[in-house]
6 protein chains.
Amino acid sequence: MQLPKEILEIAEGIKNMRIRGAGRIAKAAVQALKITVERSQAKNPEELIKELDYVAKYLLHTRPTAVSLPNGIRFVMYRVKTAFKNGANLEDLKITAIDAADKFIKNSELAIKRIGEIGARRIVSGDTILTHCNSSAAISVIITAFKQGKDIQVYATETRPLFQGRITARTLANAGVPVTLIVDSAVRFFMNEIDKVVVGADAVAANGAVVNKIGTSQIALVAHEARTRMFVAAETYKFSPETMIGELVKIEERSPLEVVDEEFLRQNPNVKIRNPSFDVTPPEYIDLIITEKGVIPPQGAVLVLKEEFGWIIGEELIRGKEVYSTYESCGID
Amino acid sequence: MQLPKEILEIAEGIKNMRIRGAGRIAKAAVQALKITVERSQAKNPEELIKELDYVAKYLLHTRPTAVSLPNGIRFVMYRVKTAFKNGANLEDLKITAIDAADKFIKNSELAIKRIGEIGARRIVSGDTILTHCNSSAAISVIITAFKQGKDIQVYATETRPLFQGRITARTLANAGVPVTLIVDSAVRFFMNEIDKVVVGADAVAANGAVVNKIGTSQIALVAHEARTRMFVAAETYKFSPETMIGELVKIEERSPLEVVDEEFLRQNPNVKIRNPSFDVTPPEYIDLIITEKGVIPPQGAVLVLKEEFGWIIGEELIRGKEVYSTYESCGID
Amino acid sequence: MQLPKEILEIAEGIKNMRIRGAGRIAKAAVQALKITVERSQAKNPEELIKELDYVAKYLLHTRPTAVSLPNGIRFVMYRVKTAFKNGANLEDLKITAIDAADKFIKNSELAIKRIGEIGARRIVSGDTILTHCNSSAAISVIITAFKQGKDIQVYATETRPLFQGRITARTLANAGVPVTLIVDSAVRFFMNEIDKVVVGADAVAANGAVVNKIGTSQIALVAHEARTRMFVAAETYKFSPETMIGELVKIEERSPLEVVDEEFLRQNPNVKIRNPSFDVTPPEYIDLIITEKGVIPPQGAVLVLKEEFGWIIGEELIRGKEVYSTYESCGID
Amino acid sequence: MQLPKEILEIAEGIKNMRIRGAGRIAKAAVQALKITVERSQAKNPEELIKELDYVAKYLLHTRPTAVSLPNGIRFVMYRVKTAFKNGANLEDLKITAIDAADKFIKNSELAIKRIGEIGARRIVSGDTILTHCNSSAAISVIITAFKQGKDIQVYATETRPLFQGRITARTLANAGVPVTLIVDSAVRFFMNEIDKVVVGADAVAANGAVVNKIGTSQIALVAHEARTRMFVAAETYKFSPETMIGELVKIEERSPLEVVDEEFLRQNPNVKIRNPSFDVTPPEYIDLIITEKGVIPPQGAVLVLKEEFGWIIGEELIRGKEVYSTYESCGID
Amino acid sequence: MQLPKEILEIAEGIKNMRIRGAGRIAKAAVQALKITVERSQAKNPEELIKELDYVAKYLLHTRPTAVSLPNGIRFVMYRVKTAFKNGANLEDLKITAIDAADKFIKNSELAIKRIGEIGARRIVSGDTILTHCNSSAAISVIITAFKQGKDIQVYATETRPLFQGRITARTLANAGVPVTLIVDSAVRFFMNEIDKVVVGADAVAANGAVVNKIGTSQIALVAHEARTRMFVAAETYKFSPETMIGELVKIEERSPLEVVDEEFLRQNPNVKIRNPSFDVTPPEYIDLIITEKGVIPPQGAVLVLKEEFGWIIGEELIRGKEVYSTYESCGID
Amino acid sequence: MQLPKEILEIAEGIKNMRIRGAGRIAKAAVQALKITVERSQAKNPEELIKELDYVAKYLLHTRPTAVSLPNGIRFVMYRVKTAFKNGANLEDLKITAIDAADKFIKNSELAIKRIGEIGARRIVSGDTILTHCNSSAAISVIITAFKQGKDIQVYATETRPLFQGRITARTLANAGVPVTLIVDSAVRFFMNEIDKVVVGADAVAANGAVVNKIGTSQIALVAHEARTRMFVAAETYKFSPETMIGELVKIEERSPLEVVDEEFLRQNPNVKIRNPSFDVTPPEYIDLIITEKGVIPPQGAVLVLKEEFGWIIGEELIRGKEVYSTYESCGID
């Protein structure tokens with residue numbers, strides 16, 4: 001099947017990390033499904049379903065470990081397939097698909113806003129907040145609280161190896177929030193001054209463990225040691241249904257060149273570089289997860305997953321031996 | 001008083017960090033005392049003492065927070081003053097001073113070797129070791145164990161902001177030790193694979209707390225969480241007698257330009273940078289301290305200090321209201 | 001609008017703490033709604049709704065931080081508004097309101113009895129129990145177990161500043177339970193003799209944290225340190241739906257005169273007094289919460305809240321910008 | 001009432017522990033209900049119900065503390081009683097009962113297989129796993145992972161007093177899994193080499209506590225101390241609905257002759273022997289529970305119980321004052 | 001033997017708690033020995049020794065559990081007996097005794113000053129300090145730091161049952177230190193605002209455990225939970241040599257009338273009151289002990305005891321079967 | 001050199017474990033030195049020294065990992081060699097050796113008695129004590145307390161694989177102490193009933209870690225979790241000077257036939273058996289060590305070692321490259 005250039009570009013962008021961040025990836029993939037429908041030459045419902053199935057699988061293989069990507073695709077495909085089973089005609093199917101795609105994208109944007117509003121209620125004047133990496137949801141919490149007139153200040157870690165913390169520091173400074181940049185190793189040095197840690201998430205597992213930028217789990221441990229509250233801001237489409245059936249969230253390891261330059265590699269061929277991008281924070285170090293649906297303890301993740309996907313997904317996943325098949329039996333609203 | 005150029009250079013080198021590392025600083029300062037004697041034009045013991053006092057004080061003010069520096073100076077000055085009180089003549093005083101300086105320098109080099117021998121006994125074949133920053137004593141432990149034929153491998157953190165971990169990785173790789181470089185934030189990710197953490201120390205306090213490169217304390221916490229043993233390799237002249245009378249080891253804060261470049265500063269005038277160089281690891285996260293005199297639990301630091309300096313130093317320090325005055329009443333052997 | 005004297009008295013009683021205790025406050029407020037209906041001169045459903053709305057808001061502002069109060073009002077108003085939307089006539093509306101009020105009051109009393117029955121199953125002969133403050137639910141657990149013939153004894157803290165523990169001790173002693181009164185500071189001294197801690201709750205938050213009388217959280221910590229089980233007895237109407245959308249349960253600070261007398265204040269004008277009434281016990285120190293619906297882990301609070309109020313309350317709360325509006329979309333049964 | 005010999009044998013076998021293991025007990029009891037129907041001489045639905053009620057109660061009293069046994073009986077009886085209430089005739093009732101019995105037995109076998117598939121996803125090549133006692137579900141996880149080609153090895157504790165660990169070691173060795181047998185006391189000695197602990201469960205309580213073979217709770221503690229993950233593999237029919245209403249899972253104490261021989265008892269009449277069979281592992285030491293429905297955090301047990309039995313069971317249990325009565329109001333699917 | 005009235009008054013004052021506080025008791029007892037000598041009619045050394053022995057034993061029995069009391073007496077008697085053994089004449093013996101008594105009293109006063117100077121070095125501007133009860137040594141640390149111009153503030157617990165914290169609050173307020181009085185139960189509520197806890201000690205045991213006013217150990221636990229430093233200020237004569245040979249420091253239980261009034265007792269005859277005065281803080285919750293000889297980790301107590309009393313005291317104590325006999329073989333300087 | 005039959009028997013007995021227990025081994029070795037002297041045909045001091053050196057080395061190689069063995073030999077040889085250096089004649093040398101041997105044996109027996117007296121002071125009426133394995137020192141503490149009329153009871157673990165706990169249970173029962181035998185896995189089940197754990201030690205390391213029978217470290221962890229005090233009873237000759245220079249105490253692994261019988265091995269050739277005899281309890285889980293010299297915190301071990309052996313042993317050990325050489329420079333009294 002010949003895919004439209006725009007779709008190929010999206011798929012490529014996700015693959016080579018031009019499109020980055022769990023939320024942006026999901027939205028781009030859903031956008032690609034919408035484009036598929038708009039460009040479709042399908043003559044009947046069956047053909048459209050076949051096209052969408054093809055594109056969906058194609059997108060799923062661009063970043064096999066992401067959690068938001070399959071969740072976005074499931075959201076759209078579940079609605080399309082349900083309509084198809086109920087005998088919708090071609091036009092209705094198209095409308096269903098486009099509506100679902102639009103809804104996912106809108107929900108996703110709304111989620112950041114809602115998380116900001118909910119999370120900001122947990123911030124009080126006088127708070128010193130630590131954040132790590134560059135999370136839209138965490139920044140939304142901080143800036144919302146600041147705009148409510150709360151007198152807060154922020155420590156941002158630089159977040160090696162890619163220094164995303166500098167972007168966070170700049171964003172906060174531009175919004176007027178007093179912000180201090182520190183190296184990642186200085187977290188424990190400053191922890192006794194910090195009242196709350198607020199970070200984002202790349203994925204939330206069924207047992208409440210949070211996968212996020214490398215370093216998050218040791219920040220959480222350091223916060224726990226000092227009785228500092230640890231908040232994770234995460235849209236529900238980052239909750240991983242596959243973890244309900246035991247799947248581990250895979251941790252991507254990226255290029256050594258993010259850690260050292262080529263010269264170092266050349267001069268030190270016997271020095272090995274390991275560069276995992278994420279780590280796993282266990283639920284016992286997380287005080288609460290702020291979702292767009294409300295605040296939950298990390299152990300409440302299973303409740304969210306159960307509501308969003310049902311236990312049945314377990315069966316489907318096992319039967320199908322493939323994550324892809326699961327979008328038939330679940331959906332997010 | 002006009003100081004010889006070599007002494008001025010040493011003092012300047014300590015101040016501007018060209019001479020770096022607790023051990024090197026102490027040896028340089030002691031060397032400066034030796035030069036003072038060699039160049040001295042003093043006509044009688046009184047004049048020589050005056051000259052040495054002047055230089056000692058001058059050196060003490062180059063890095064007021066270091067621990068090895070005053071300990072080195074005390075070592076020499078205590079011997080000189082004792083000889084002076086006992087009526088030594090000019091020539092004997094000079095010999096005493098030069099011998100003391102030579103002995104301190106030799107002891108200091110021997111200490112690294114002895115720590116390597118002692119610490120290596122705690123390393124067994126199959127061990128995976130983590131180290132942080134660039135400590136001669138810690139590296140001595142690792143390389144000694146490796147040269148004994150033990151099958152070990154090492155994780156070295158890069159150690160932001162100055163990347164001293166790269167030097168460590170290179171040194172170990174050159175010695176043939178299999179070594180992997182990781183970002184500081186990845187310590188908890190790898191901790192379950194690690195059997196022992198070995199780090200150095202900038203200062204050891206009376207209650208067993210260890211002052212070392214920023215990040216050490218969170219590594220120690222992460223090791224403790226995973227029941228991984230935490231070893232500190234520290235020469236006894238890094239034990240701080242001032243902490244016995246309550247002095248806090250001061251934590252140096254260094255330039256923002258170690259963390260970001262000038263362009264970042266210019267573009268983000270509202271982003272504050274904090275750059276503390278050291279942090280404090282509490283004794284409960286340290287399994288043992290390896291000194292050249294043997295292995296002690298961190299709480300044994302007070303025993304070492306007591307032996308080296310005696311309780312009396314407390315009185316002296318309080319009376320003199322100045323750290324400098326203490327070298328009169330103590331000594332290291 | 002002119003409110004009947006009885007309602008004003010209830011509102012005043014809640015405000016000035018004559019009516020005290022989360023349960024009693026909620027029941028009094030619901031009683032006020034019932035009286036409103038009984039005294040109502042409304043000529044049509046619209047007028048009755050308007051009257052009830054007015055009274056409900058009036059009551060909600062008497063103690064803006066309580067949790068049981070809005071939950072009681074929501075219980076009644078939700079039923080009334082639903083009936084109104086479904087076209088009920090004036091008479092039916094009145095019956096609905098009165099029935100709802102009666103049901104809430106009866107449920108609330110039944111809940112204490114049920115909690116006693118459920119919680120008593122966790123108490124075995126030979127147990128030594130610690131309790132803090134004066135909780136009807138906790139006392140119900142203890143006395144129910146004792147009446148079942150279990151051989152138990154109780155330590156009651158005096159509970160500064162208001163000494164409610166003396167009331168607890170008297171109540172238990174009168175029921176025949178062997179009871180020992182201790183100062184609050186002696187909890188850790190006795191903890192190794194204690195098998196279970198049983199306390200009540202003023203509010204339970206979405207992440208399982210429990211707000212209760214000042215001192216509860218340190219008792220919970222001390223129990224945790226000694227592997228003593230910590231039980232919280234809490235009716236489900238003490239679960240706070242607002243915490244699902246991030247609201248912090250506000251901690252009331254009360255008069256210095258509860259801590260010292262006027263003479264002390266006069267003689268020591270520079271001594272500041274702080275007198276917070278409640279503290280927050282984190283879920284990790286709570287073994288289980290005993291509700292009238294059954295036993296849950298603290299992290300199960302979100303499940304109870306979800307069932308009682310639904311996620312939707314989140315949206316409503318955010319939209320309405322006011323807690324009051326939420327009673328439209330939720331209900332307790 | 002005269003019971004068929006086969007049923008008496010089953011009842012006797014459960015009582016005297018010839019039929020052993022939570023799963024086997026439940027299946028045998030359900031089988032007895034099926035036999036009751038097959039041998040029934042009942043002339044009408046009322047008589048059949050009476051017979052089944054009699055047998056159900058008889059079976060429930062063979063091991064009053066087991067959790068799987070009443071859950072199995074409830075599964076069948078709930079379906080039968082529901083059909084009876086809906087006016088089913090004798091033949092339909094019989095079919096309902098037999099179908100329910102067959103379904104329970106089949107589900108129970110399927111559950112072990114599903115748990116193996118789900119749990120195996122959490123095992124990675126290179127893992128060293130510790131297991132305790134002899135759990136079908138835990139062994140299913142290990143062997144499934146091994147058959148997927150994962151390079152794993154296992155430590156099995158011998159599991160005093162009955163040495164069930166030797167059976168586990170033999171089973172694993174026969175399946176080709178590299179396995180090492182150790183005494184129970186050696187767990188902490190080896191824990192730093194272990195990546196994951198996988199054990200079964202006899203019962204799971206509403207707050208997520210797990211009742212399992214004596215020694216499990218200290219293994220869990222030792223694992224927690226070393227940041228080793230602790231997995232419990234448990235079919236959902238091991239979840240105890242009675243614990244929702246506060247019932248403690250009773251811990252059976254068995255004969256001293258399992259611990260010492262008769263000669264020891266005779267020679268040492270003053271040495272008392274205590275031999276509890278199970279202990280309780282608190283949820284904070286369990287990373288996740290693997291059920292056939294998916295992975296949950298231990299605190300998610302209440303969600304499973306709620307779904308399987310509903311809150312209402314609480315009321316029934318309290319009203320009926322007898323566990324037996326509860327099968328009327330609940331069911332497992 | 002007929003004792004002078006002044007000595008009887010001192011003994012009585014210690015017994016009935018008119019003379020209160022470990023330091024004041026020890027000084028009063030030593031004063032009594034001095035008076036004995038001044039009033040002595042002894043005709044030869046033997047008689048004087050006999051008199052002193054009698055008085056020493058008499059004083060030791062006034063408060064058998066105190067630690068400072070026997071240490072004070074040992075200080076004087078050891079010197080006297082040594083002089084006696086060396087053949088001192090009557091006059092010299094008297095001078096020895098009076099000098100020793102004066103020295104102990106002076107040392108004891110100096111110790112408070114020295115502890116203040118040493119401890120104040122650990123306090124920095126911006127610190128918020130919590131203290132409990134009314135300790136001269138702890139107050140000395142706080143006020144010394146404040147007088148050095150450090151910007152500090154203090155939380156003082158009221159310290160039930162006798163409200164000694166009110167005296168502390170008044171003393172600090174009068175010295176100009178900003179101070180807030182809270183109930184003992186509010187410690188955990190405020191702990192996250194507190195940088196350092198500073199308390200005194202009634203006794204320090206050989207393993208580093210600290211006996212102090214009831215409530216201290218739970219404050220230490222709460223501080224530890226929040227990574228707040230815990231300092232104990234203790235003169236070395238509070239270190240208990242008896243604990244080296246296993247003696248437990250006995251915990252005094254005092255009158256119920258300190259907890260409730262007579263009317264409560266009359267009205268509630270079945271409510272038992274327990275009123276222990278002290279509790280034991282284990283060394284793992286203490287960061288350091290500040291003595292007049294310098295700062296030690298709690299585990300360094302054994303080093304101080306060893307230096308002050310030597311191991312030999314163990315033998316003496318066991319041989320003599322009486323604490324009193326030990327003053328022959330030890331001494332404090 | 002031809003050794004007398006009695007010495008060969010002792011050496012063989014130590015090797016094959018007929019002579020078992022750290023104390024008995026040391027005494028037997030010292031006895032062998034005594035016999036050497038008694039049977040010696042040496043014609044001059046030089047020859048006697050040569051004989052003793054030979055026997056000493058021979059004995060040291062029977063159990064190269066024991067700690068009490070070399071300490072016993074050092075005790076004797078140090079005195080002999082010192083006398084030799086001071087020019088003692090043959091007769092005097094013999095007397096010195098025999099006296100030293102007798103003194104060591106007597107001291108060793110006295111130590112058990114003294115530990116009993118000291119440790120018993122920490123036991124109070126009402127205490128429930130847990131012990132593990134079969135330690136003379138621990139039993140001495142328990143029986144001494146019991147004979148003092150204290151109302152105590154004991155739990156003894158059976159101590160797999162060799163069931164030494166049965167011997168302990170019998171010994172205590174015969175002495176009249178109420179004792180209960182449990183499996184090793186049941187420790188956590190009973191821990192909340194236990195007030196104190198008392199165990200022995202095979203070796204104590206410089207950092208306070210205690211090497212004792214396998215299982216001790218998890219008992220210590222379980223005790224720590226429940227705030228139960230953990231006491232180690234250890235004679236000072238079990239303190240290991242080699243650990244001061246970094247030596248690890250080697251953990252002996254013994255025959256699989258202690259764990260399973262030959263038939264199991266034959267039938268299960270693929271089941272590997274691991275049988276380590278000891279494990280290492282870290283100092284943080286030990287409240288105090290009871291020695292015959294008094295009570296110390298585990299971290300005080302370095303102080304005892306320092307006193308017994310001095311720092312110098314470090315140098316000697318490094319220089320000599322052999323543990324044996326160290327007896328020249330140290331001694332126990």
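- Proximity of Pro161(C) to Glu158(E): side-chain heavy atoms (C-beta onward) are nowhere separated by under 4.5 Å.
- Residue Gln267(C) qualifies as enclosed at atom CD: its count of foreign heavy atoms under 6.0 Å is above 12.
- Judged by distance alone, with hydrogens and angles left aside, the side-chain atoms of Glu225(E) form no donor-acceptor pair with the main-chain N or O of Gln218(C) at under 3.5 Å.
- For the pair Arg166(C) and Val259(E), the tightest heavy-atom approach, listed with the atom from each and the gap, is NH2-O, 3.1 Å.
- Asn270(E) places none of its side-chain heavy atoms less than 4.5 Å from the side chain of Val179(C).
- Between Val183(C) and Asp184(E) there is no side-chain heavy-atom pair separated by less than 4.5 Å.
- The choice from Asp279(C), Ile219(C), Ile273(C) that makes the most heavy-atom pairs within less than 4.5 Å of chain E is Ile273(C).
- In this structure, the portions of Val187(E) lying under 4.5 Å from any heavy atom of chain C include both its backbone and its side chain.
- Rounded to the nearest 0.5 angstrom, Arg274(C) CZ and Phe190(E) CZ are separated by 4.0 Å.
- Looking at Val280(E), only its backbone comes within 4.5 Å of chain C, counting heavy atoms on both sides.
- With values rounded to the nearest 0.5 angstrom, Thr180(E) atom OG1 is found 12.5 Å from Asn275(C) atom CG.
- Using a 4.5 Å heavy-atom threshold, the side chains of Leu221(C) and Leu221(E) count as touching.
- Ranked by non-hydrogen atom pairs under 4.5 Å with chain C, the options Tyr285(E), Phe278(E), Tyr155(E) are led by Tyr285(E).
- Of the inter-residue distances, the one linking Asn268(E) atom CG with Leu172(C) atom CG reads 11.0 Å to the nearest 0.5 angstrom.
- Within the 4.5 angstrom heavy-atom criterion, only side-chain atoms of Phe264(E), from C-beta onward, approach chain C.
- For the atom pair OG1 (Thr216(E)) and CZ (Arg188(C)), the distance works out to 10.5 Å, reported to the nearest 0.5 Å.
- Across Val271(E) and Ala173(C), no two heavy atoms sit closer than the pair CG2-CB, 3.7 Å.
- Ranking Pro276(E), Gly215(E), Pro178(E), Ala186(E) against chain C, the residue ahead of the rest is Pro276(E), based on heavy-atom pairs under 4.5 Å.
- Separating the CZ atom in Phe189(E) from the CD atom in Glu253(C) is a distance of 5.5 Å, to the nearest 0.5 Å.
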